[in-house]
Amino acid sequence: MMNVDLKQGLKEYAELKGYKVPGTNRKDLLSFFKKETNINSKTTYTEVSIWGFEKGVYCMEVTMTISEGGEEKKTRSVSERRVNINEDELKQCLLII
């Protein structure tokens with residue numbers, strides 16, 4: 001049984017935090033992203049994917065790509081994946097992004 005209320009709540013929370021939430025064909029997947037550029041031309045692109053809504057045991061992957069402008073553009077990317085997390089752990093993880 002898919003947890004539609006949780007998925008909808010997470011979608012609304014992401015939108016409140018300034019993330020863009022594109023539509024998807026997969027019912028068990030929620031993805032959202034945000035691009036921010038600061039005063040020093042440093043751009044941070046954050047993408048979050050959460051899946052497992054059909055099983056009630058969730059997986060989450062967060063990828064952050066940081067680019068620094070200028071003549072020589074420097075880019076670094078960090079990715080973290082957490083698997084088999086429960087609903088409470090999922091909510092805690094989202095509070096920090």
Side-chain angles (χ1 to χ4, degrees):
M1 178 175 158
M2 190 162 88
N3 194 335
V4 177
D5 292 339
L6 176 63
K7 185 176 178 183
Q8 183 61 33
L10 294 174
K11 178 181 182 240
E12 291 171 6
Y13 177 77
E15 289 171 337
L16 282 173
K17 292 288 236 173
Y19 285 84
K20 292 185 179 9
V21 185
T24 179
N25 297 4
R26 290 183 48 195
K27 292 179 180 173
D28 71 330
L29 173 69
L30 175 65
S31 292
F32 44 93
F33 64 92
K34 177 167 43 174
K35 183 177 179 181
E36 299 172 297
T37 304
N38 72 9
I39 198 163
N40 299 327
S41 298
K42 185 184 207 179
T43 301
T44 304
Y45 179 80
T46 306
E47 183 176 3
V48 180
S49 296
I50 303 167
W51 63 97
F53 290 94
E54 291 181 341
K55 296 178 181 170
V57 177
Y58 307 98
C59 300
M60 181 173 81
E61 184 168 26
V62 178
T63 303
M64 290 182 75
T65 304
I66 301 166
S67 300
E68 296 185 45
E71 293 292 319
E72 298 175 24
K73 195 168 189 176
K74 299 176 193 168
T75 302
R76 63 179 186 220
S77 188
V78 178
S79 184
E80 181 181 349
R81 177 178 278 198
R82 297 201 50 197
V83 296
N84 298 328
I85 56 179
N86 65 34
E87 187 175 325
D88 290 335
E89 290 174 309
L90 177 62
K91 290 175 184 174
Q92 287 296 316
C93 290
L94 289 176
L95 290 176
I96 61 172
I97 61 170

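All residue numbers in this chain count up from 1 along the given sequence.
A donor-acceptor contact shorter than 3.5 Å links the side chain of Glu89 to the backbone of Asn86. Side-chain atoms of Lys7 come within 3.5 Å of backbone N or O of Leu29 as a donor-acceptor pair.
A cation-pi contact links Lys34 to Tyr19, judged by a cut-off of 6.0 Å to the six-membered ring centre and 45° from its axis.
Neither side chain, Ser41 nor Glu68, offers a donor N or O lying under 3.5 Å from an acceptor on the other.
Put simply, Tyr45 and Val48 are part of two different groups of oily side chains (I, L, V, M, F, W, Y) that touch within less than 4.5 Å, one to the next. A chain of hydrophobic side-chain contacts below 4.5 Å, direct or via other Ile, Leu, Val, Met, Phe, Trp or Tyr residues, connects Ile85 to Tyr13. Phe33 and Met60 fall into different hydrophobic clusters, where Ile, Leu, Val, Met, Phe, Trp and Tyr are joined by side-chain heavy atoms under 4.5 Å apart, directly or via other members.
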(message) Using side chain to side chain contact (heavy atoms under 4.5 Å, CB included), reason through Leu94 and Ile50 one step at a time and then give a plain yes or no.
(response) CA-CA 10 Å; Leu94 289 176; Ile50 303 167; 4.1 Å; yes

(request) Check step by step if side chain to side chain contact (heavy atoms under 4.5 Å, CB included) holds for Leu90 and Leu10. (result) CA-CA 10 Å; Leu90 177 62; Leu10 294 174; 3.8 Å; yes

(message) Applying side-chain hydrogen bond (donor to acceptor under 3.5 Å, both in side chains) to Glu36 and Thr43, what does each step give before you reach the verdict?
(response) CA-CA 6 Å; Glu36 299 172 297; Thr43 301; over 6 Å; no

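Between Thr65 and Thr63, some side-chain heavy-atom pair lies under the 4.5 Å cut-off. In this structure the side chain of Leu30 reaches within 4.5 angstrom of the side chain of Lys11, judged on heavy atoms. No side-chain heavy atom of Cys59 sits less than 4.5 Å from a side-chain heavy atom of Arg81. With a 4.5 Å cut-off on side-chain heavy atoms, Tyr58 and Leu6 count as touching. A 4.5 Å side-chain heavy-atom check between Ser31 and Trp51 finds every atom pair outside the cut-off. Looking at heavy atoms from C-beta onward, Ser77 lies out of side-chain contact with Met64 at the 4.5 angstrom threshold. Using a 4.5 Å cut-off on side-chain heavy atoms (C-beta onward), Thr46 and Lys35 make no contact.
Taking every heavy atom of both residues into account, Thr75 and Ser67 meet most closely at OG1-OG, 3.4 Å. Shown here for Phe53 and Asp28, the closest heavy-atom pair between the two residues is CD1-O, 3.2 Å. Here the closest heavy-atom approach between residue Phe32 and residue Pro22 is recorded as CA-CD, 4.3 Å.
Atom NZ of Lys17 and atom CD of Glu12 lie 15.0 Å apart (nearest 0.5 Å).
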